[in-house]
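I have placed the structure first, in the form of structure tokens, so that the comments after it can refer back to it.
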Amino acid sequence: MKKSLVSAFILGMSAISLNAQDATRGAALYKEQCVSCHGDHFEGRSGPSLAGADFRSRWPASDLIGKIKNTMPQDKPGKLTAGEAADLAAYIQQAGNTSANAGPAAASTTAPSPSLPAGNLSQLMRGIMFPNSNIIFTVQTHDPAEKKKIGDTAAADGGFNWSMWGSDLYTGWEIVDYAAIALADSAPLLLTPGRRCENGKPVPVNDPDWIRFTNEMAEVGKAAYRASQTRNQQKVSDLSGDVADSCLHCHQVFRDKIRRGRAGGDPSNKESRCTKN
């Protein structure tokens with residue numbers, strides 16, 4: 001019995017030692033690969049924060065290793081080996097937990113909301129707003145009523161290629177209908193509490209300008225649907241300019257930082273997105 005206890009103790013100490021070594025190697029990797037986007041103290045810069053209860057609840061150990069291995073670093077995903085991903089995960093969980101516990105008690109003890117959105121703002125826009133806006137923009141150059149040509153494939157000349165935009169399931173006009181509805185009915189998702197920007201900053205859901213731009217997107221989506229219902233290519237084409245403007249109005253303020261009397265910021269600077277300054 002005593003021998004078994006000693007063996008278990010040695011095994012446990014070995015596991016603790018291995019974890020420490022993993023975290024030590026992960027610290028070096030973090031400085032080399034991650035700090036420019038996520039910050040020296042996991043606070044987030046152009047990438048999201050990696051500390052706090054919210055992050056830990058979203059990314060348990062096994063999921064975090066897979067996330068790092070498959071999608072990081074952002075400019076070269078898949079660059080890291082499985083071992084390096086495990087080292088980084090060990091370091092992030094160990095040091096990030098320490099960093100969170102060092103902050104105000106409320107920050108480390110508040111339980112995350114069970115209804116937190118799954119995606120960040122960039123993912124929401126690229127998943128819904130971007131592709132559906134582009135379907136409406138396509139009406140400028142392609143008639144949704146045009147017939148599918150025999151032999152069309154997804155690699156054909158684009159536009160309302162039926163293999164790419166719904167295959168044989170829907171007509172071109174139905175696809176435009178659905179795109180307009182997607183814009184109108186997904187716009188309120190921009191106001192979901194708890195959503196984060198790609199850089200980890202909270203989406204300014206209570207800012208009057210943000211609310212105004214969100215409502216503008218919803219209304220222009222409804223207008224695009226009404227135009228699509230006429231089955232008139234020119235009416236939808238004319239309305240597509242309003243769709244572009246609704247995107248531009250928000251981007252100028254919260255992404256490009258364009259103001260009267262001052263030059264705009266760098267649109268590629270993700271660190272300042274979701275803020276006005």
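Positions are given from 1 along the sequence. Quantities reported herein were computed from a predicted structural model and do not represent experimental measurements.
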Say you draw a straight line from [atom1] of [X] to [atom2] of [Y]; how long is it, rounded to the nearest 0.5 Å?
{"X": "Gln123", "Y": "Ile128", "atom1": "CD", "atom2": "CD1", "value": "11.0 Å"}
{"X": "Ser49", "Y": "Asn199", "atom1": "OG", "atom2": "CG", "value": "11.0 Å"}
{"X": "Phe130", "Y": "Leu124", "atom1": "CZ", "atom2": "CG", "value": "14.0 Å"}
{"X": "Leu29", "Y": "Thr24", "atom1": "CG", "atom2": "OG1", "value": "11.5 Å"}
{"X": "Asp185", "Y": "Asn132", "atom1": "CG", "atom2": "CG", "value": "11.0 Å"}
{"X": "Asp245", "Y": "Met217", "atom1": "CG", "atom2": "CE", "value": "10.5 Å"}

Any idea which heavy atoms bring [X] and [Y] closest together, and the distance?
{"X": "Trp210", "Y": "Leu190", "value": "NE1-O, 3.0 Å"}
{"X": "Val220", "Y": "Ser246", "value": "CG1-OG, 3.6 Å"}
{"X": "Arg25", "Y": "Asp87", "value": "NE-OD2, 2.8 Å"}
{"X": "Val176", "Y": "Ser228", "value": "CG1-OG, 3.4 Å"}
{"X": "Gly221", "Y": "Ala184", "value": "C-CB, 3.8 Å"}

Taking only residues two or more places apart in sequence or in another chain, which ones pass side chain to side chain contact (heavy atoms under 4.5 Å, CB included) with [X]?
{"X": "Ile211", "value": "Leu191, Asn215"}
{"X": "Lys79", "value": "Gln33, Pro73, Lys76"}
{"X": "Cys37", "value": "Ser46"}
{"X": "Asp209", "value": "Asp207, Arg212, Phe213, Phe254, Lys276"}

Who clusters with Tyr225? Use side-chain heavy atoms, under 4.5 angstrom, across I, L, V, M, F, W and Y, and order the result by chain and number. Ile181
Taking the side chain as every heavy atom from C-beta outward, state whether [X] and [Y] have any atom pair closer than 4.5 Å.
{"X": "Val139", "Y": "Ser240", "value": "no"}
{"X": "Pro144", "Y": "Thr171", "value": "no"}
{"X": "Glu198", "Y": "Pro48", "value": "no"}

Would you kindly confirm whether [X] and [Y] end up in one hydrophobic cluster when ILVMFWY residues are joined by side chain heavy atoms under 4.5 Å apart?
{"X": "Leu88", "Y": "Val35", "result": "yes"}
{"X": "Ile65", "Y": "Ile68", "result": "no"}
{"X": "Val205", "Y": "Leu121", "result": "yes"}

Does Ser36 have any side-chain hydrogen bond (donor to acceptor under 3.5 Å, both in side chains) partners at least two apart in sequence or in another chain, and if so, which? none
Chi angles and distances behind the side-chain contact (heavy atoms from CB on, under 4.5 Å) call for Asp22, Tyr91: CA-CA 7 Å; Asp22 289 350; Tyr91 172 65; over 6 Å; no
